[in-house]
Amino acid sequence: MLAAAWNLCLAAPIVRKDSGLSPPRLSCFHRVRSVHFRASIALRQRQEIAMVSGHPFESILTSLSKDDGGEYGKYYSLPDLHDPRIEKLPYSIKILLESAIRNCDNFQVTKDDVEKIADWVNTAPKLVEIPFKPARVILQDFTGVPALVDLAAMRDAMKRLGGDPTKINPLIPVDLVIDHSVQVDVARSANAVASNMQFEFNRNKERFAFLKWGSVAFKNMLVVPPGSGIVHQVNLEYLARVVFNRDGFLYPDSLVGTDSHTTMIDGLGVAGWGVGGIEAEATMLGQPMSMVLPEVVGFKLVGKLQAGVTATDLVLTVTQMLRKHGVVGKFVEFYGEGVSCLSLADRATIANMSPEYGATMGFFPVDQMTLNYLSLTGRDAEKVKMVEAYLRANDMFVDYSQKQPETVYSAYLELDLGSVEPCISGPKRPHDRVSLKDMKADWQACLDNKVGFKGFNIPKDLQHKTAQFTYEGKPAELRHGDVVIAAITSCTNTSNPYVMLGAGLVAKKATELGLEVRPWIKTSLAPGSGVVTKYLIKSGLLKYLDMQGFSVVGYGCTTCIGNSGELHEAVATAIADNDIVAAAVLSGNRNFEGRVHPLTRANYLASPPLVVAYALAGTVNIDFEKEPIGVGHSGKQVFLRDIWPTSEEVAKVAEASVLPEMFKSTYESITKGNTMWNDLPAPTGDLYSWDPKSTYIHEPPFFKTMTRDPPGVHGVHDAAVLLNLGDSITTDHISPAGSIHKDSPAARYLTERGVERKDFNSYGSRRGNDEVMVRGTFANIRIVNKLLKGEVGPKTVHLPSGECHWVFDVAQKYKDEGKEMVVLAGAEYGSGSSRDWAAKGPFLQGVKAVISKSFERIHRSNLVGMSIIPLCYKNGEDAESLGLTGHETFTIELPSTIEEIKPGQDVLVKTNTGKEFTCTLRFDTEVEKTYFNHGGILHYVLRQLLGSA
């Protein structure tokens, strides 16, 4: 029974005492003042009661009956609309429709908005604007800290402008999981977890104390302490509601999060996606999200995965297919009999990587597998019945045992699961999939190719170069393609017991055959929750992972977000002095150059079992079918096939080792907090007491000069080009989360304030300090700025002097001269993780507009939220085709009043050389115009709250 259940589903939260499967507001996490929480609930009750009395859709408010004759509560019934259009809607669109109906007040959400969604087949192609009010917001600490800093600063501004500061409060549940701060400082050690956690607290005590203050000062907020797990895995296993039952009202769980991989929850049938921090803050404060009604690509899955093929292989294949098709700004909804064969973890893995294939969501509707998941992991049987009853009653449940109703999609794709083969992805982008059998040839091509996403341009006579060095007194050597980092990391894969147990079995077989990972390879295991460690211990496999160097280093994102820690000095020196193209192999979701580690130019995404295999091989320059991984005890060559477990082996171990009680005990444990968190002193009070000496938390300047009246429209006049960039500039390039370079402007700032280099920490950990972040903007050492004529690095040219300095220093010089700035870019500008500082940083540097071929969805929204003008070249045009060098100055003419601006209108751009060209203004909705007119989204929200005082 258990094995069958685990084939259906994987991980979930413990039984909870609150209604609707929602997590309790745990006092041990944040000492919430219950009176404030009750006040928040009372406010919500008044809002919901108001929705019923005189509600435009009061006629379809229906009771959901229990089998025993009672009732679960009331809900807005989509079938009671008797509208044949709704029957054929994608399930993901039905969630938007239900939300619009439930929140319809003919002010924030109107009946016209409901009609637009109901008529999705006809309106979606027209890119119509709709409001959406998600049920909750989820944050991680890197993005959560700046969000709370903004809220704290808004409280100060509210007081200064004569309003009530406590009006700045979340009106919907907000969950914040501290998972982005732990680094792999200590690896290959039995005490790695404790050591890394101590380092984490030592570095981040100011941030953590601030978060602890916020958890008390702001109502309706849950903070999950460090050491608990990765936000998306905790969301999947613990925080997800599936269906809310809030004070007798039933509605689907939905959320937005300040991390692009929020989409992982879509695998559970919960609609969620990533947004910028500033959008999330507005959502917390009761503002509807303005979004373009998306098209939905139907992705049909048929057949079954072959033996030995993992969920990672599947998601890399899906990512490549969808990237090729083009799904930016769209929903992807998976359907077909093949879906019923996928475990919940497989679905979650596919949903997790939605940002990598470009979709807003990769959605799997709720079905029997979801219910099995809820039951298996300890949800109360009555609540699981409620979830099923509600979703079936509202036509939001998929029953694969019955003939499926016709669903209309905007476009259709199909994949035979049986065609998926083992693969990895890299060396610089998640969607550059390489079949395992082709890897050796692909690596050789990468060495030969010119520098680019698939090339390193290593001369033939240097491709076999060997770097000799001494490691802990013994001779060692490195070649191009040798692995120096091997990390089992990221919720993308650590949420899946099958691939994790598969990795353990690979390690076991390799150990028994006498294989051993080279000691200079930095190996690590960072589970997304404590459940993983428990079933690895139960299975007896953790000891074999330990023996191969994959000791547990902590419970957080680690290597996946660049928190790899330092390489051994001897290894780092050998790489740098010999210009070795070293490799990292990780079970993550991002492998952009410079993200994993500054010294690993080649970075490959792989399943956890393959991470172990490549660590054992010591190189990515290998054909696993034809070449041995190593030589065993007997002198016999050992191949991958000799250590690769069968699907039956993995299933047998899972049946015996992965138990529901593990989830219960894990989440009961984290509700008690940990000693370091519980003993951490934190400030108190409704207003935060800013410490001017703090280098972690600093009052931002965004609201200091704000007035009650909006500033209005602004164009751009004679602006200098700060950077001239190419394609695929990621948020890692714009706002790095990795280490702070010792010679950078941010390092100078910290040094001037007495911070020693060993205590610099990472950019991500200092997002609560605008002074550090503005200096770290465009500080990625791998950024390619065309103004530098081939030189790679975080510098630019001041014009007309021609002086070359760090980007921040040049921007400051332009600001001192009273000069505005623009950025020129290629396609996919702002791709990667959602980071509000990738918009805030350029804003503070003085950037007024970004002109690119295309934008990543969240980043474009963030630019608008910071009042930076996003412009797109016309199709077929870019800076190069227009003959722009970046040495020009640019004037962007906008209408003088906001009423004259139309979303998506043409805008004329003039240069001082006489060249003129037309761009598309990427204000995509009327609401975005309003944000621009107010100087940003948070300024708009603050004025709205101030006006209601």
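Since the model is a prediction, treat every value here as computed from it, not as a measurement.
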Hey, can you tell me if [X] and [Y] have their rings parallel, tilted or perpendicular (30° and 60° cut-offs)?
X      : Y      : value
Phe917 : Phe890 : perpendicular
Phe855 : Tyr829 : perpendicular
Trp273 : Phe132 : parallel

### Non-neighbouring partners of Glu129 that pass side-chain hydrogen bond (donor to acceptor under 3.5 Å, both in side chains), sequence neighbours left out
Ser290
### Summary
Residue set satisfying side-chain hydrogen bond (donor to acceptor under 3.5 Å, both in side chains) with Gln320, at least two apart, ordered chain then number -> Arg433
### Task
Please step through ring-ring contact (aromatic ring centres under 6.0 Å, His included) for the pair His939 and Tyr931, ending with a clear verdict.
CA-CA 8 Å; His939 298 78; Tyr931 296 157; over 10 Å; no
#### Entry: For the student: nearest non-hydrogen atoms of Ser419 and Leu415, plus distance
OG-CD1, 3.7 Å
### Task
Show your working on ring-ring contact (aromatic ring centres under 6.0 Å, His included) between Tyr357 and His431 and close with a plain yes or no.
CA-CA 7 Å; Tyr357 47 80; His431 53 281; over 10 Å; no
Is a side-chain donor or acceptor of [X] paired with a backbone partner of [Y] at a separation under 3.5 angstrom?
X      : Y      : result
Ser410 : Val297 : no
Asn780 : Asp732 : yes
Lys815 : Leu844 : yes

### Task
Taking the side chain as every heavy atom from C-beta outward, state whether Asp718 and Lys819 have any atom pair closer than 4.5 Å.
yes
### Message
Can you tell me which residue among Phe334, Tyr335, Phe331 is in a ring pair (Phe, Tyr, Trp, His ring centres under 6.0 Å) with Phe364?
### Response
Phe334
### Task
Give a yes or no on whether a salt bridge exists between Glu928 and Arg860, defined as a side-chain N under 4.0 angstrom from a carboxylate O.
yes
